[in-house]
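Comments concern the structure below.
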Protein chains: 2
Amino acid sequence: MTRLVAIDWGTSSLRGALLDADGKVLEERSDARGILKVPQGGFPAVFEALFGDWMGLEGARCLISGMAGSKQGWVEAPYCACPAGRVEVGRSIIDIDVRPGSRIAIVPGLRDEHDGVPDVMRGEEVQIFGAMSIAGLDEGVFVLPGTHNKWATARKGRVAGFRTYMTGEFYALLSQHSILARTLDADAPLDEAAFLDGVTRSENGHGLLHNAFGTRTLALFERMATPELSSYLSGLLIGEELRTQSLQAAGEVVLIGASALTQRYALALRATGTATRTLGAEATWAGLHALSGFLDADRNPP
Amino acid sequence: MTRLVAIDWGTSSLRGALLDADGKVLEERSDARGILKVPQGGFPAVFEALFGDWMGLEGARCLISGMAGSKQGWVEAPYCACPAGRVEVGRSIIDIDVRPGSRIAIVPGLRDEHDGVPDVMRGEEVQIFGAMSIAGLDEGVFVLPGTHNKWATARKGRVAGFRTYMTGEFYALLSQHSILARTLDADAPLDEAAFLDGVTRSENGHGLLHNAFGTRTLALFERMATPELSSYLSGLLIGEELRTQSLQAAGEVVLIGASALTQRYALALRATGTATRTLGAEATWAGLHALSGFLDADRNPP
């Protein structure tokens with residue numbers, strides 16, 4: 001009986017799922033031991049503690065995506081160059097010989113390049129493959145919000161190219177470490193009107209460096225209440241990100257990620273007339289399941 | 001014999017100068033006790049310790065600009081609305097009755113408004129008046145780089161309007177608190193080629209949120225050396241600020257501030273075909289001197 005231990009091992013946390021031969025999720029787990037919290041040489045022990053029981057099941061194999069394949073991770077899996085599809089990525093998985101008799105492998109990330117500046121992702125490529133599989137798509141625009149958001153374009157089942165946006169990290173920096181931190185409540189719930197006000201403001205042509213200061217002055221002159229300010233800032237940032245996209249030809253944008261973030265992108269995109277559909281963790285599991293055929297010894301897809 | 005004790009009292013530091021009746025600087029002083037470091041009720045004591053001897057001189061009067069006039073400062077001096085010139089600002093100075101027999105007053109800042117969002121400055125208006133006085137101008141574009149940069153337009157001797165850009169604060173946040181901090185040396189000396197590379201890159205239409213991530217990947221793929229990365233990031237930020245300006249009609253841009261910053265703006269502006277001239281602290285002293293006529297009891301200019 002085939003089992004896949006599917007793991008998305010990120011920088012600050014990890015998630016795992018036990019999948020059956022059809023990719024059905026039998027059980028899910030998560031843990032706070034992202035790669036930055038694992039001591040040097042400590043990956044085998046953390047892996048065994050978290051997933052040893054699953055790996056002991058008959059026919060169990062394991063595929064790991066995300067930052068575990070980075071230089072700072074468990075074993076480095078060199079990036080695949082775009083355009084890259086399931087075949088290119090699947091043939092580049094890197095084995096980890098840590099558990100006698102068990103097949104454990106790491107999925108490489110992708111790299112792209114824009115006028116001499118590289119761009120990288122690790123883990124999102126698996127989510128995109130999974131989303132294409134779930135939605136029955138072989139092309140489209142995929143947005144993966146997070147600390148470092150990804151906008152990827154797929155054609156013929158492959159990731160044609162992508163760009164990273166530091167939107168999530170800018171929000172954290174501004175709301176926690178800047179002059180705005182004095183008046184903002186970074187954890188206030190989403191205020192849709194203030195958020196959309198920020199999205200609209202971001203299109204005024206004066207840029208984020210200027211518009212962000214408005215979050216300060218709106219508070220200073222008591223034009224906006226504290227619970228609204230963080231949503232306004234979030235709208236300024238996400239609006240700034242959307243401003244630079246060419247969405248005319250996109251049709252529908254596929255959002256993949258945690259609902260607290262995808263909800264905001266959906267709001268902003270719909271406000272600019274772009275339809276969206278949203279997927280969560282199921283995209284990761286579907287993507288790892290889709291790649292699991294490459295765990296066969298000859299590295300040919302099933 | 002008339003003497004003016006001219007003080008620019010900012011958030012994190014202050015500077016003072018003793019001027020003669022013609023505005024000539026006789027002596028300068030600076031101190032780290034910006035308004036955030038003065039305990040509640042502590043302004044008179046700090047003032048006396050730093051400037052008591054100058055105030056004891058025959059005919060000495062004092063004008064203070066900057067954040068000392070803010071809500072968190074010594075005495076609040078409400079903002080003057082733009083357009084505002086020397087007369088509007090001079091007539092709005094606020095007396096501080098702290099030293100019997102001595103005239104001490106605080107210069108108000110300016111406020112502007114853009115589609116319902118206020119903007120503010122405190123201290124820069126004095127530097128602009130001083131620059132106009134020194135350069136014999138009654139109009140122009142004035143740029144005052146700093147944590148919160150100001151771009152102001154003057155017409156007929158008055159500040160017609162202005163906008164604030166958080167460029168300096170974004171640089172500090174990104175170079176000290178973001179993922180870029182791992183590979184950047186925020187204090188590396190200016191590398192002109194890398195800086196101008198960043199300025200050019202900022203014009204690619206993909207926005208700061210994307211381009212900033214390039215500072216990470218250029219380091220990751222060893223395409224740019226550590227000493228160059230901070231200059232590249234600085235170029236991205238200043239380029240982003242310039243991108244949103246309408247400089248066609250500006251002719252010459254007047255830069256006012258510390259040379260470490262004005263030098264970068266001059267480089268970036270010249271690269272885009274805009275001439276610059278640069279002024280330093282002398283603009284502050286000339287501006288306070290120009291306003292000192294309003295220290296007469298009837299608040300009419302000399």
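What's counted below: heavy atoms across the whole structure, side chains too, no hydrogens, waters or symmetry copies. Residue numbers begin at 1 in each chain, while the letters A, B, ... track the order of the sequences.
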**Asked** Using 4.0 Å as the upper bound for N to carboxylate O, is an ion pair formed by B/Arg158 and B/Glu125?
**Response** no
**Fill in**
Max heavy-atom pairs within cutoff under 4.5 Å with chain A, candidates B/His148, B/Glu240, B/Met224, goes to B/His148
**Request:** Could you have a look at B/Glu169, B/Lys71, B/Arg111 and say which one has the most heavy-atom pairs with chain A under 4.5 angstrom?
**Result:** B/Glu169
**Message:** Which one wins on heavy-atom pair count under 4.5 Å against chain A: B/Ser178, B/Ala172, B/Gly116?
**Reply:** B/Ser178
**Message:** Is the distance from the ring center of A/Phe142 to that of A/Trp151 below 6.0 Å?
**Reply:** no
**Request:** Check each atom of B/Arg163 against the heavy atoms of chain A and say whether the ones under 4.5 Å are side chain, backbone, both or neither.
**Result:** both
**Message:** Is B/Asp115 in contact with chain A via its backbone, its side chain, both, or neither, using a 4.5 Å heavy-atom distance?
**Reply:** both
**Request:** Step by step, work out the side-chain hydrogen bond (donor to acceptor under 3.5 Å, both in side chains) result for A/Glu241 and A/Thr167.
**Result:** CA-CA 7 Å; A/Glu241 189 182 335; A/Thr167 315; 2.6 Å; yes
**Request:** Evaluate the salt bridge (Lys or Arg N to Asp or Glu O under 4.0 Å) criterion for residues A/Arg223 and A/Glu228: first the C-alpha distance (whole Å), next the side-chain angles of each, then the deciding distance (0.1 Å), finally the verdict.
**Result:** CA-CA 10 Å; A/Arg223 301 271 183 95; A/Glu228 298 166 354; over 6 Å; no
**Message:** Given heavy-atom pairs under 4.5 angstrom as the criterion, report whether the side chain, backbone, both or neither of A/Asn149 touches chain B.
**Reply:** neither
**Item:** chain B contacts, top residue of A/Arg243, A/Arg216, A/Arg201 (heavy-atom pairs, under 4.5 Å)
**Value:** A/Arg201
**Prompt:** With chain B, which of A/Thr164, A/Val120, A/Leu218, A/Asn204 has the greatest number of heavy-atom pairs at distances under 4.5 Å?
**Reply:** A/Thr164
**Item:** B/Leu236, B/Leu190, B/Asp197 screened by side chain to side chain contact (heavy atoms under 4.5 Å, CB included) with B/Ser231, the one that passes
**Value:** B/Leu190
**Asked** If you round to the nearest 0.5 Å, how far is CE of B/Met166 from CG of A/Asn211?
**Response** 11.5 Å
**Message:** Is A/Phe170 in contact with chain B via its backbone, its side chain, both, or neither, using a 4.5 Å heavy-atom distance?
**Reply:** side chain
**Message:** Can you see whether A/Tyr79 has A/Arg122 sitting over its ring - NZ or CZ less than 6.0 Å from the centre and within 45° of the normal?
**Reply:** yes
**Item:** Ring-ring centroid check B/His210 A/His114, cutoff 6.0 Å
**Value:** yes
**Message:** At a heavy-atom distance under 4.5 Å, which candidate from B/Leu220, B/Val117, B/Leu209 has the highest pair count against chain A?
**Reply:** B/Leu209
**Message:** Does any backbone or side-chain atom of B/Tyr171 lie under 4.5 Å from a heavy atom of chain A? Answer side chain, backbone, both or neither.
**Reply:** neither
